[in-house]
Amino acid sequence: MSEAADAEAEVGSREASGAGDAPPAAAPAAPAIRSRSVAFPLSAERIRMARELLEDGRAAQGFWRFKPGVENTIRPVPDEYEQTHEFEPDIERYFGYRIDYYPFFNEFNGMSIGRTSDPRRWTYFVDINDEIVEEKFQTDQDIRAFITGFRLSVERNRWKIIGLKRLIQFFNVFLCLVPAVLVAFWPLLVQAGLPLKKPTPLIIGVIAVAYAVVLFAVTSLLLWFQGVREGQLSVVIGNNGKTLASALQRRANNLGRNFVAYLARIDAEEATKRMSDSSWTDRAAWWMKLCLWSPKRIEYIEKFLQSEMQRIRIFMLRSAWQGYAIAYGVLIGSALVAALLVLTEVGIEWLLRGPRLGELAPLGLYGLGLVLSIWFTSRSLLTSVTLRDISEPLGAEPMGEDARFADAEFDTRLAEQIRKDKEKIRQAFLRGGGFGDGSGRG
């Protein structure tokens, strides 16, 4: 039975056993086995949102950047009692979430060899952890999309500049090695009937000087253009980092202020509501839930930021080695092709007419071209973007000053709130009375 048939059989067996009350969208079709996005639907949605935040703007010299003003889409978190109840499903989802410590482990037992290709089982824990964060804090998916968008912009722009540098390197290497090939094949071109005459020493000198000037001018222009593009990339990365930092600070500062406001309203409920009405205690309990939840939102935004920054770090290391491999591949491949052409033509001439001093010119030009090619390759390998260039625009406190989870003094503030409430209860018992209406506790 095929994998698609197995999936359909599983869905049918669940529906037949009484589990068919779920909406049709919950029944996985055949692509659920093959598509990684189905295994991590919320992460796929976040990545889709991140791509929509970016543009390959011509104003940004063709590099990927955040759309102008997109950080203004980070809306403030409400702090009014009625409005905050929209977070009730999210709070229940967070505090009631059961973490699967061994994702997909039990499903692996007893399955056919073909089913082991399910992409859900070929994942790292960091991917699974990100999906758990998406599930527990769906309301912060917008800010996490900014973080992912920054990572995607770094990756795309990095490959753009690597491709440009390798292309410039190829043209420089080609210009350095092509004279040796032309000089080696000059007699053959003359024998082929092309209107070429045997150059005199003066003409050879003039041509050599002219070509050296052209080579210097063209390669200098290409290297200058490469430097301009690298500078433009640094500006784009800096602007993207500032946009991300602005969005992070908006959300973190808002959550930090709301934490203080929620905590103060626990006492405000007691002071402004009639003590004989029990509804104020329910409202105070709701403010306490928000106090517990808001700092956790800040903490998990920080955790996800670190997760994506680690992905950027790994990508930078991997892309650097891939870029080195491409650069050396261009150098070695071009050098081998040129050497094969030169040695083949020179070797044929030597076999036919014996070694001649004039035929050593292609070998000398090849050696000079190879030295220049190595220099251009080393120039091409200079790093254009470093991890410091990526981290500096974010600043030392990308979440904002006094807005991080550690700065909220979460434990101290809540402990003090509980201490005050318990002290009020103790004093009430010492007085022998109750709350509000003055009645005793019978």
Side-chain angles (χ1 to χ4, degrees), residues 43 46-47 50-51 53-57 60-66 70-71 124-127 129-130 133 143-169 223 226-249 251-252 298-328 377-401 403-406:
S43 297
R46 166 176 48 81
I47 295 174
R51 289 170 178 165
L53 296 173
L54 301 174
E55 66 174 1
D56 191 2
Q61 295 84 32
F63 289 113
W64 290 88
R65 68 170 186 176
F66 283 113
V70 73
E71 67 273 16
Y124 293 101
F125 181 78
V126 65
D127 299 320
N129 185 66
D130 285 351
V133 172
I143 192 63
R144 287 193 298 272
F146 270 86
I147 302 173
T148 299
F150 180 72
R151 174 177 63 83
L152 293 177
S153 69
V154 170
E155 293 177 356
R156 293 177 177 183
N157 293 335
R158 171 79 165 168
W159 280 120
K160 276 197 170 187
I161 198 67
I162 287 177
L164 175 66
K165 292 167 68 174
R166 297 294 87 81
L167 184 63
I168 290 176
Q169 176 207 359
L223 293 177
Q226 176 180 316
V228 170
R229 293 292 286 168
E230 290 174 346
Q232 292 171 346
L233 174 59
S234 298
V235 173
V236 171
I237 289 179
N239 292 336
N240 287 344
K242 293 175 182 178
T243 300
L244 173 60
S246 176
L248 287 171
Q249 290 173 14
R251 177 56 52 81
I298 300 177
E299 178 188 14
Y300 273 80
I301 292 174
E302 281 192 289
K303 287 183 177 180
F304 185 78
L305 175 63
Q306 296 299 329
S307 176
E308 289 290 62
M309 291 301 106
Q310 177 67 0
R311 284 192 175 97
I312 291 177
R313 176 182 174 274
I314 294 174
F315 166 78
M316 292 292 290
L317 296 174
R318 182 183 295 119
S319 62
W321 284 107
Q322 291 172 341
Y324 296 157
I326 297 173
Y328 285 117
T377 299
S378 63
R379 175 63 179 82
S380 176
L381 292 177
L382 295 178
T383 302
S384 55
V385 178
T386 64
L387 289 173
R388 177 173 294 181
D389 298 327
I390 296 172
S391 60
E392 282 184 350
L394 295 176
E397 297 286 346
M399 300 292 289
E401 296 290 342
R404 302 177 62 189
F405 177 73

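- Of the inter-residue distances, the one linking Ile47 atom CD1 with Arg151 atom CZ reads 6.0 Å to the nearest 0.5 angstrom.
- Atom OG in Ser319 sits 12.0 Å away from atom CD1 in Ile161 (nearest 0.5 Å).
- Side-chain contact between Leu382 and Glu230 is absent, with no heavy-atom pair separated by less than 4.5 Å.
- Side chains of Thr386 and Asp389: a donor-acceptor N/O pair is present below 3.5 angstrom, by distance only.
- At a threshold of 4.0 Å, the pair Arg311-Glu308 counts as salt-bridged, since one of the basic side-chain nitrogens sits closer than that to a carboxylate oxygen.
- Within the model, atoms CG of Leu248 and CD1 of Ile298 stand 11.5 Å from one another, a figure rounded to the nearest 0.5 Å.
- Between Tyr328 and Leu381 the shortest side-chain heavy-atom distance falls below 4.5 Å.
- Distance alone, capped at 3.5 Å, is enough to place a donor-acceptor pair between the Arg166 side chain and the Ser380 backbone.
- At distances below 3.5 Å, not a single donor-acceptor pair connects side-chain atoms of Lys165 with backbone N or O atoms of Gly323.
- Atom CZ of residue Arg156 and atom CG of residue Leu54 lie 6.0 Å apart, to the nearest 0.5 angstrom.
- Between Phe63 and Ile237, the closest side-chain pair of non-hydrogen atoms is not below 4.5 Å.
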*Test side-chain contact (heavy atoms from CB on, under 4.5 Å) applied to Phe304 and Ile143, step by step*: CA-CA 10 Å; Phe304 185 78; Ile143 192 63; over 6 Å; no

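- Applying the 6.0 Å contact sphere to NZ of Lys242 captures no more than 12 heavy atoms from other residues, nucleotides or ligands.
- In this structure the side chain of Leu53 never reaches within 4.5 angstrom of the side chain of Thr243, judged on heavy atoms.
- Of all heavy-atom pairs between Pro393 and Arg388, the closest is CD-O, 4.4 Å.
- Using a 4.5 Å cut-off on side-chain heavy atoms (C-beta onward), Ser307 and Val126 make contact.
- Met316 approaches Arg158 most closely through the heavy-atom pair O-NH2, 3.7 Å.
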*Stepwise side-chain contact (heavy atoms from CB on, under 4.5 Å) check, Trp64 with Val236*: CA-CA 8 Å; Trp64 290 88; Val236 171; over 6 Å; no

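- Lys303 places none of its side-chain heavy atoms less than 4.5 Å from the side chain of Asn129.
- Rounding to the nearest 0.5 angstrom, the gap separating the CD1 atom in Ile390 from the CG atom in Leu244 is 12.0 Å.
- Looking only at side-chain heavy atoms (C-beta outward), Gln306 and Gln310 stay at 4.5 Å or farther from each other.
- Leu387 contributes atom CG, which lies 6.5 Å from atom CG of Leu317 (distance to the nearest 0.5 angstrom).
- Side-chain contact check for Arg65 versus Asn239: every heavy-atom pair is 4.5 Å or farther apart.
- Of all the heavy atoms in Ala145 and Ala50, the pair that sits closest is O-CB, 3.2 Å.
- With hydrogens and angles left out, the side-chain atoms of Gln232 and Arg229 include a donor and acceptor closer than 3.5 Å.
- Between Trp159 and Phe315, the ring planes lie perpendicular to each other; the angle is over 60°, past the 30° to 60° tilted range.
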*Between Gln322 and Ile162, does a side-chain contact (heavy atoms from CB on, under 4.5 Å) hold up when you go through it step by step?*
CA-CA 9 Å; Gln322 291 172 341; Ile162 287 177; over 6 Å; no

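- Residues Ser153 and Asn240 come closest through the heavy atom pair OG-ND2, 3.5 Å.
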